[in-house]
Amino acid sequence: MEQITSFAQLKAHLTDNNFVKRIAVANAVDEHSSEAALKAVESGFAEVFLFGDAAKIPVSEQIKRQFADKIHIIDIPDVQQATEAAVLAVRQGDADVLMKGLVNTDVLLRAVLNKENGILPEGNVLSFCSVFEIPAYRKLLFFGDPAVIPSPSLAQREAIINYVAQTARKFGVVCPKIAMIHATEVANPKIQYMQDYIDIMEKYRAGAFPNIILDGPLDIFLALDKERGAIKNVPTPVLGDADGLIFPNFESANVFYKALISFAGAEMAGCLAGTSKPVVLTSRGDSAESKFNSIAMACVLS
């Protein structure tokens with residue numbers, strides 16, 4: 001598989017290879033989520049199941065007629081019940097991807113985590129993986145976790161590394177280069193999370209994390225900017241060519257995430273990781289285009 005380096009290439013990959021994935025949208029009454037889901041239908045790689053109050057789901061009669069075999073509206077006015085029904089459809093194999101509509105994240109996560117009808121396998125770590133297309137960077141950049149785990153434990157950090165690597169491989173990156181990010185390249189075990197980095201690197205050198213090139217701590221220059229990174233004269237196999245970034249905590253990843261969108265002209269996609277099927281969990285502030293990109297991401301992951 002050719003490496004996917006942009007969202008336009010991702011869309012072309014889905015359409016050219018005749019992917020058609022079934023998307024269950026929980027409470028699909030907001031315009032951005034519905035617009036993104038319908039765009040995926042129009043692009044030819046999705047069939048959508050829109051759960052929610054049928055009278056409030058914004059789909060025109062013309063679109064319903066045009067894509068009658070690809071758009072299904074399931075009339076469930078109660079938000080929680082609509083959400084639970086969408087999750088159950090994914091659990092039972094009637095849909096390949098779950099998408100958050102106009103529903104509070106805590107309501108969606110309760111349904112996802114429900115032991116009887118949810119979609120998080122026992123023992124899995126629930127996390128979030130982002131993908132960014134940044135005009136100043138030559139390929140897609142994957143990173144975690146900006147949305148779910150505030151301060152990862154060692155086991156959670158290891159799971160995040162694996163999720164980022166697995167996602168990158170689905171985009172055709174054969175051996176992802178992953179950098180564990182810090183303000184400098186100096187490993188100071190007095191810093192709360194730094195011992196995790198030290199332990200992870202020891203495991204990596206002993207053969208853990210196969211088919212990954214991993215290094216850390218590294219700063220952003222060393223990870224993403226070959227010219228600036230080279231000035232620091234730090235030997236690293238990742239130098240300026242990272243496919244994935246692992247941030248020390250929720251706060252730093254979230255600030256990086258929002259700064260890229262606000263000031264770097266970046267486009268993003270993101271999904272929950274660890275669930276049995278991909279979950280498109282976007283913010284109310286995300287654009288319809290970001291939600292569409294996230295659906296495309298979920299479709300290639302499913």
Salt bridge present between Asp243 and Arg169 (N-O < 4.0 angstrom) | no
Spell out, as yes or no, whether a donor-acceptor pair under 3.5 Å connects the side chain of Gln9 to the backbone of Gln3.
-> yes
Tabulate below the donor-acceptor pairs under 3.5 Å that side-chain atoms of residues 203-217 make, not counting sequence neighbours, or state none.
{"unit_1": "Lys203", "atom_1": "NZ", "unit_2": "Glu158", "atom_2": "OE2", "d": "2.6"}
{"unit_1": "Tyr204", "atom_1": "OH", "unit_2": "Ile212", "atom_2": "O", "d": "3.1"}
{"unit_1": "Tyr204", "atom_1": "OH", "unit_2": "Leu214", "atom_2": "N", "d": "3.3"}
{"unit_1": "Asp215", "atom_1": "OD2", "unit_2": "Thr236", "atom_2": "OG1", "d": "2.6"}

Can you tell me how far the CZ atom of Arg228 sits from the CG atom of Leu239, to the nearest 0.5 Å?
-> 13.0 Å
Looking at the rings of His13 and Phe171, which for Trp means the six-membered one, are their centres under 6.0 Å apart?
-> no
Ring centres of Phe132 and Tyr137 under 6.0 Å apart?
-> no
Under the side-chain hydrogen bond (donor to acceptor under 3.5 Å, both in side chains) test, residues paired with Lys56 that sit two or more places apart | none
By the rule that ILVMFWY residues connect when side-chain heavy atoms come within less than 4.5 angstrom, directly or transitively, which residues belong alongside Ile76?
-> Phe49, Phe51, Ile74
Is the shortest distance from a Lys or Arg side-chain nitrogen in Lys64 or Glu61 to a carboxylate oxygen in the other one below 4.0 Å?
-> yes
Is the backbone N or O of Ser33 less than 3.5 Å from a side-chain atom of Asp30, with the two atoms forming a donor-acceptor pair by type?
-> yes
Are Met194 and Leu154 grouped together when hydrophobic residues (ILVMFWY) are joined by side-chain heavy atoms under 4.5 angstrom apart?
-> yes
Distance (rounded to the nearest 0.5 Å) between Met99 CE and Ser34 OG | 8.0 Å
Salt-bridge test for Arg110 and Glu84: reply yes if a basic N is under 4.0 Å from a carboxylate O, no otherwise.
-> no
Would Arg22 and Asp96 pass as an ion pair if we require N to O under 4.0 Å?
-> yes
